[in-house]
Every structure is written in C-alpha cells, then in structure tokens.
Amino acid sequence: MPLAKSKHAAGLGNALMRDRFKNHNSNMHKQSAGGGGIARKDQAGNDYITPGKKEADWMKMRSVTEQGALDEFLSTAELAGTDFTAEKMNNVKIIHTDQKNPYLLSAAEERGVVKKQNSKRARLTVPRRPPWDASTTAQELDTRERQSLLDWRRGLAELQEIDDLLMTPFERNLEVWRQLWRVIERSDLVVQIVDARNPLLFRSDDLERYVKEVDRKKRNLLLVNKADMMTLEQRQAWAEYFVDRGINFRFFSAELAKEMNEAKENSFEGLEVEGNEDDDTASSDADSEPNLDKRDEETDAERDVVAQKMENIDLQDQKIEDEKWVDEEKVDAEAELEGVPLSVAEQTRILTTDDLETLFLQHSPAAPNASEDTDKPTRKTSIGLVGYPNVGKSSTINALLGAKKVSVSATPGKTKHFQTIHLSDRVILCDCPGLVFPNFATTKAELVCNGVLPIDQLREYTGPGALVAQRIPQAFLEAVYGMKIPTRPVEEGGTGIPTGEEVLRAYARARGFSTQGLGQPDESRAARHVLKDYVKGKLLFCHPPPQDPPIDARQFNRDLYDVAHLPQKRRAHLAASAEASLTGSEDPSLMDDPNMVPMPVPQGAKGKSLDKQFFGPGQGSGTVVQPFHHKYTDHGKELSGRKLKMMTALEKDIDPADVKTNSKKHFKANKRASKKVRTPGDYD
Ligand SMILES: Nc1nc2c(ncn2[C@@H]2O[C@H](COP(=O)(O)OP(=O)(O)OP(=O)(O)O)[C@@H](O)[C@H]2O)c(=O)[nH]1
C-alpha cells in the first residue's frame, strides 16, 4: 500500500507539472499567434519572437514606471540598440541590506536624506527632445530621441544606484515623453497640475526650465488642484512659499468647480420650471408659487442643497472681500513679470472656472504684443495640461467644459493619449497623458500614501500603515470608522499615538476582516482599505511647505480633524448622539455600539477655525464616502449565535479556539460555514 501511495503521489505531481507546462506552452503559443508576433530562428537555432505591428501599437503607449531588473536591462539594451553583454556589465545593482528600518526613517535619518537629495536636485531632469531641422529624416530623429532618452535614464539610474536615492517611479516610455514634447511645443501656457496635499512631490521644476528652453515666450503655471482639501491657513503658508521662490501658481479645485457648475445648472432648471406657465402643474394664480407647492420632497431637498451651495459661494465672495486687509503690496514675482500683480487674498483664493479661463486668455499669443489695430489673436491660445496620473487633469477639463466630455477615473493612468479639446473659440486645451516625473522620495511608504505607487499590488503595508497612524489623530480615525483603537498604555511603553499595527488591527476587527486559519485580524486587507481612504482624502493630511526649522505637521493639519470633515453619515450619528444626550432619550444605534467614540464638537455652528469658504455643507465633500455600519453580517443578515460569539471573541482579542462550542461535529460544520461568510467588504 505505501508503495502504491507514493507511486500515486509521484504520478499526480508529474501529471500536474505536465499539465501546467502543457497549458503554459499552449497559452504562449496562442498569445504570440494572437498578437501577430513573428517567430524566427537564428543561426544557432534559437527561437526569437518579435511583437507584430498590432501588438506594438497597443503596447507603445503603456506607461512604464517601475521595471524589474530584467525588464530594465532589456529595455535599456533595446533603446541603446546595443549588445546585451556590455549593457549587463553597466547595469549591475548594489542591494543594500544593512538598513536598520527598511520601511520608515527616523527624523534624523530623514533630515540626512533630504540634505543629500537637495545636493543632487539639479540632476532631476526631464528628457529633452534632441534638436532637429527640416533636413533631419524621421529615422535620424527617432535614433536621436532614443539616444537622448537613454542618456537621461542612465543619469537617473546613477542617482538611484550610486547615490542610493529613492525616486518616484518615473516614466520610462519614450512614447509618453514624445507626447509631452508635443504638448510643450504647441502650448503658449504649460499648466502643471499638482495635488494640493503634497505640491512639491508632484512638481517638476525642470519641466518649467524646459518650457522656457523651448521658447522664452512660453509661460508656466503651477495649478494647485484639490485645494478644497486645504484650510485657508494652509493655502497662505504655501502661497508664501511659492511667492518667495518666484513660482507662478494658483489654487484650484476641480471638485468645487464641478459643484458650482451643478449648483448653477440646478438653479437654472428651477427657474425654468417656475417660469413655465404651460406646465400642467402650474396654478392659474400667477402671484403664488404653484410649482413649488406641487414639487415632491426630493426636489425640495435638492433645492435646499443648491440654495446652501449658492449661499456658500456668496460667503466665499464675501470672505474674499474681507480678506483684502491682508498686505496688498505683496505680489507674486512671476505674475508681476507678466504684468498681473496679485494681492495675498488673490493668491490664496481658489479660482473658479471663469477665472481660470480668463487667466488662460492672458497668455494668448497676441496678448503680449497686441497693438491697437490687432486686438484679435491670429490663432487660438493653446494651454498644455500636464501632471501625474490622478492629480485631476480630467476633472479640471470637465469642470472647464462644464459637462462630462472626458471620462474621469478613480484609478490612476486613464488618460493615455495627448488630446486637444476646444474649450471655446479662443482657447484650446492640450491634455497630456498622466506621467510621473523623476523626483526624490524619502520612503516607498510615502509614495504609497501619495497615491504614486498602486495600493492593490501592495505587499509591504506596515510602512504606509504606520504613516497613517502617525499623521491622522486617533480620535479622528475612531470617529471616521466608528471604532475604538486599543493602544498600549504609556506606562507599558506606548507613545500615546497608535502604531500602524494597532490601527489596522482595530479596523480589521471592526470590519470583520480575518485571516484564514487562526482567524486573526487581516491587517493587510485593512491596510488596502485604510490607505485608499487616505489617498482619496477621506483621511486628510496636507504636507506643510518645507522650512527651517520644519513646521510641525500635526499643528499644520489640526483644523482638518473636526466634525465638519467627517463623512455625512458619521456626522448624522454624532448629531443624533448629541441630541439624545440633551433630551435624555436613547439612540439605540449609538448606545449599542461600544466602539463609538464621541468627537469633540467644534465651537460655533460649523467649527471655529474652519475655512468656511470651502467647507460648508456639501462643499468639497467629494472625498467623503459612506462609512460602513459596524455590525457583523453574513450575506446581509446580522450574525447571531456562534458566529457572532467568534467575531466578538476576535474583537476582544480572545483566541477563537477558546470559544466554547456545542460539539466537535457542530464546530466543524460551523467552520465550514464560516469559510463561506462574506462581509460586504469582500466585494469592494
Ligand atoms: N477633493 C477633490 N478631489 C478631486 C479634485 N480633482 C480631482 N479629484 C479626484 O481625484 C481623482 C482623479 O481625478 P482625475 O480627473 O481622473 O485625474 P487625472 O489627473 O485626469 O488622472 P489620469 O486620467 O489618470 O491622468 C478622482 O477621484 C477625482 O474625483 C479636487 O479638486 N478635489
């Protein structure tokens, strides 16, 4: 029998191997056939497959950022069109294994790294298009472009490998850079869009230099998008930083602009309905408000929201007026050069789409030399829009167009081809594919938190998890997620701030995410959810501008963690809880939830220190999503009996194995059943 068993086992193993390789080979065969690849044999009898034209076209616009060692080596060799052996010698990588903390840096280490980065910053360049003229053939230009990109990549590889500096996963695909070159060549104004939460990570100052190299007359603008995520104070701090460095910048929020567009549209629709006398629902009495009376509740609610939005927009204008006391003399250096002196109030204002279009028109080709008899430019003003994936280029264009003409994605990397959009008969927009510029980063964890490295493929989550725990105050995390984060007491060595592990375990328990086997809280899965919330801005953190001594980041962000920044549903819970405590009545949903933590209610109706311009109800709340309801469920039904006991045990940190079961047989059945338990998060 034992012989028979082992024979059987060996047979199965071999069969599996045969099966796997058979499938693999046939898949490969199918792929190469489907891609239109051409198979060749060299003199030594080796097989080569080159991608067919169809496949190459599809592949060439793919964004190439992070490459494995082999891919990097192969593509470098391909660009160089040279011999593999020689390239291999130049590309030897030194792997450092002696780092104390592989994921995060201590404050002292970070200072050291930043100092080193600053000394090498001049080498962070974007690739230049090699010079060409009418006599250059397409073939020659192609070769020169490849050579230029190769030289550039070698320079950056040196920074990474010899100087041991961590960099953003910058774009390596020549096709994508070619798109950027075209956009720059066409544009009168190149708008670099950056995420307001960390403008310097997303900004390439060398790009601005390059724009000027191409043509001195071209202008640069740093458009700090997602400014709805900042307080006025934060915008002031950044404005000061940009002004000091002569950077031409403006704040914008595609999200707010969209809300304003919608509010306007809705109010127009409202007016139309009210004014429509042919409407069946209209009363014959012209003095009354017949249509309003006849509207259903939903429409009334919509009107309230629109009215609230319009009120906030008025508030914004009022506040801008109020702010004019601020030093009117201080002007933006480059803006002044361009003849547009800006007050500090203007610098910190979030532009509307109309403002932005007016700003674009100031860069009309005819504008600088416009004489009395030529008030019309000879051609449309070209505006290039450039930036990392997901900074909001499509949203900005949509907001400018006032209607959905370009699809907006929540996944990075949607815009892949440079496209032109006629904004008006005077302005044309050139939308460049999202591309990652070479920049320094302190840790990979930082890149993950900034949405530059994708979360779905994340294996090392403890570093980014720790950053979230350090940055977002515990009370806010607890209030957003309706959970309690148990932390190690200070007497036992705790720091008073939860660790990443503590946050992720608490979240996993609250959502019922547990690992297979021992059923421990699934921190990895929790990390993916929490990090996505951070990237979306549901867990909000804005980087302060660098200065010496550094600005305290917690202090800089303190006004972002109040009730007004909680998701709508959590706010409703808190309001109900406050009311219940005043009236003495019980709100079962809150009283039953032992993990619900009260948030400090801010002074004043909306919080004393809030930037009311942009954080009124509904304003800039695009980042807020519905929080989960903290109840264990099985296919939508609330858990009961043993399953609930198991989950509760997990929550209390009791080993589920210690939970009493009715019988062994019953336990096995439950175990089988519990494998099928899916929480709504499984399908996220
Ligand atoms: N809060 C807030 N979110 C924004 C703003 N602008 C864009 N977003 C969000 O950011 C995400 C990315 O926006 P997109 O417009 O698709 O970004 P993109 O730069 O065009 O991205 P690619 O198409 O990948 O190049 C979306 O989830 C938007 O809702 C803004 O001003 N405020």
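Counting starts at 1 for both ligands and their atoms, following the listed order.
Checked against a 3.5 angstrom limit, the closest N/O atoms of Phe252 and ligand 1 fall outside it. Distances between N or O atoms of Gly392 and those of ligand 1 include at least one value under 3.5 Å.
Residues Asn557 and Gln234 have side chains that bring a donor and an acceptor to within less than 3.5 angstrom of each other.
Screening residues 351-361 for salt bridge (charged side-chain N to carboxylate O under 4.0 Å, His left out), with sequence neighbours left out, gives Arg349-Asp355.
Atoms of ligand 1 found under 4.0 Å from any heavy atom of Val391, numbered from 1 in the order shown, are 19 (O). The atoms of ligand 1 that sit less than 4.0 Å from any heavy atom of Ser253 are 31 (O). Within ligand 1, counting atoms from 1 as listed, the ones closer than 4.0 Å to a heavy atom of Ala254 are 6 (N), 30 (C), 31 (O). The contact set between ligand 1 and Asn225, taken as ligand atoms under 4.0 Å from a residue heavy atom, comprises 5 (C), 6 (N), 31 (O). Residue Ser394 approaches ligand 1 through these ligand atoms, each under 4.0 Å from one of its heavy atoms: 15 (O), 18 (P), 20 (O), 23 (O).
Looking at Thr396 against ligand 1, nothing comes within 4.0 Å, counting heavy atoms. Under 4.0 angstrom from ligand 1, the non-hydrogen atoms of Asp228 all belong to its side chain. Proximity of Lys536 to ligand 1, defined as any heavy-atom pair under 4.0 Å, is not found for any part of the residue.
The side-chain heavy atoms of Phe360 and Leu400, taken from C-beta on, include a pair separated by under 4.5 Å. When side chains are defined from C-beta on, Leu166 does not count as touching Glu446, because their heavy atoms never get closer than 4.5 Å.
Considering Lys393, Lys226, Arg197, Met229 only, the shortest heavy-atom separation from atom 25 (O) of ligand 1 involves Lys393.
Proximity of the aromatic rings of His529 and Phe513 is defined here by a centroid distance below 6.0 angstrom, and this criterion is met.
In this structure, Arg245 forms no cation-pi arrangement with Phe242, as its terminal cationic atom is not both closer than 6.0 Å to the ring centre and no more than 45° off the ring axis.
Scanning for ring pair (Phe, Tyr, Trp, His ring centres under 6.0 Å) contacts around Phe541 gives His543, with sequence neighbours left out.
Using a cut-off of 4.0 Å between Lys/Arg side-chain N and Asp/Glu carboxylate O, Asp206 and Arg121 are scored as not salt-bridged.
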